[in-house]
Amino acid sequence: MASGSPIAEWSFPADPGAVRTARSAVREVLDDWGVDGAVDVAVLLVSELVTNSLRHASGPIGVRMVLLSSGGLLVEVSDPLPDPPLERTASPDDEGGRGLQLVACSSRRWGTRRGKSGKTVWFELSVAG
């Protein structure tokens, strides 16, 4: 954590164990920060975005969380693939394709941005009272 504004960040290898490790790391830090109300949603959304990164990118996956002074939690998941994720409509029988819909419906804001070497998908959750 940085002084003043709590920040946590990790880099995970692009292997299947990264999802479980990311979930655990996010849960532990949010518990330490006392952000009980947002833990389950944050863990679920990080799991979805890290899984997306694993499916489409081959490099390291970054996860960064910032506890905002505005009563929000900003979570960013980055990978080396520059293409933004595509939100699609899954049919009732599809096994996947709902991750970004879940992010959009569960967060107060979300988006994507290109970086120097890849992209970041971010979302913001309310953690105030």
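We number each residue from 1, following the sequence as shown.
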Q: For L54 and P16, work out which heavy atoms get closest and say how close.
A: CD1-CA, 4.0 Å
Q) Taking C-beta and beyond as the side chain, do F12 and R20 meet within less than 4.5 Å on heavy atoms? A) no
Q. Can you check whether P82's main-chain N or O pairs, donor with acceptor, with R114's side chain at less than 3.5 Å?
A. yes
Q: Show the numbers, then the answer: is there a side-chain contact (heavy atoms from CB on, under 4.5 Å) between D40 and R27?
A: CA-CA 8 Å; D40 289 337; R27 183 174 299 282; 3.4 Å; yes
Q. Cluster question for you: counting only ILVMFWY and a side-chain heavy-atom cut-off of under 4.5 Å, with indirect links fine, are L102 and V75 together?
A. yes
Q. In Å, rounded to the nearest 0.5 Å, how long is the span from CH2 of W10 to OG1 of T21?
A. 11.5 Å
Q. So, for S106 and L45, which heavy atoms are closest and what is the spacing to 0.1 Å?
A. CB-CD1, 4.0 Å
Q: Identify the heavy atoms of V46 and A22 that sit nearest to each other, and give their distance.
A: CG1-CB, 4.1 Å
Q. Taking atom OG of S78 and atom CG of L81, what is their separation to the nearest 0.5 Å?
A. 12.0 Å
Q. Would you say R109 and W122 make side-chain contact, with heavy atoms under 4.5 Å?
A. yes
Q: Determine the minimum heavy-atom distance between A57 and A14, stating which atoms define it.
A: O-CB, 4.4 Å
Q. Between CG of D31 and CG of D36, what distance do you get to the nearest 0.5 Å?
A. 6.5 Å
Q | Heavy-atom closest pair, residues L30 and A38 | A | CD1-O, 4.4 Å
Q | Donor-acceptor under 3.5 Å (T51 side chain, S47 main chain) | A | yes
Q. Under a 4.5 Å cut-off applied to non-hydrogen side-chain atoms, are W110 and L49 in contact?
A. no
Q. Say you draw a straight line from CG of L100 to CG of N52; how long is it, rounded to the nearest 0.5 Å?
A. 5.5 Å
Q.
When you compare the side chain of R23 with that of L44, does any pair of heavy atoms fall below 4.5 Å?
A. no
**Q.** Heavy-atom pair of closest approach, residues L125 and S107
**A.** CD2-CA, 3.8 Å
Q.
Nearest 0.5 angstrom please: D15 CG to S58 OG, how far?
A. 12.5 Å
Q. By salt bridge (Lys or Arg N to Asp or Glu O under 4.0 Å), which residues pair with E48, not counting sequence neighbours?
A. none
**Q.** Between CD on residue E76 and CZ on residue F123, distance to nearest 0.5 Å
**A.** 10.0 Å
(Q) S53 and side chain to side chain contact (heavy atoms under 4.5 Å, CB included): which single residue from D79, V19, V63 fits? (A) D79
Q) Is K119 close to D83 at the side-chain level, that is, under 4.5 Å between some pair of heavy atoms? A) no
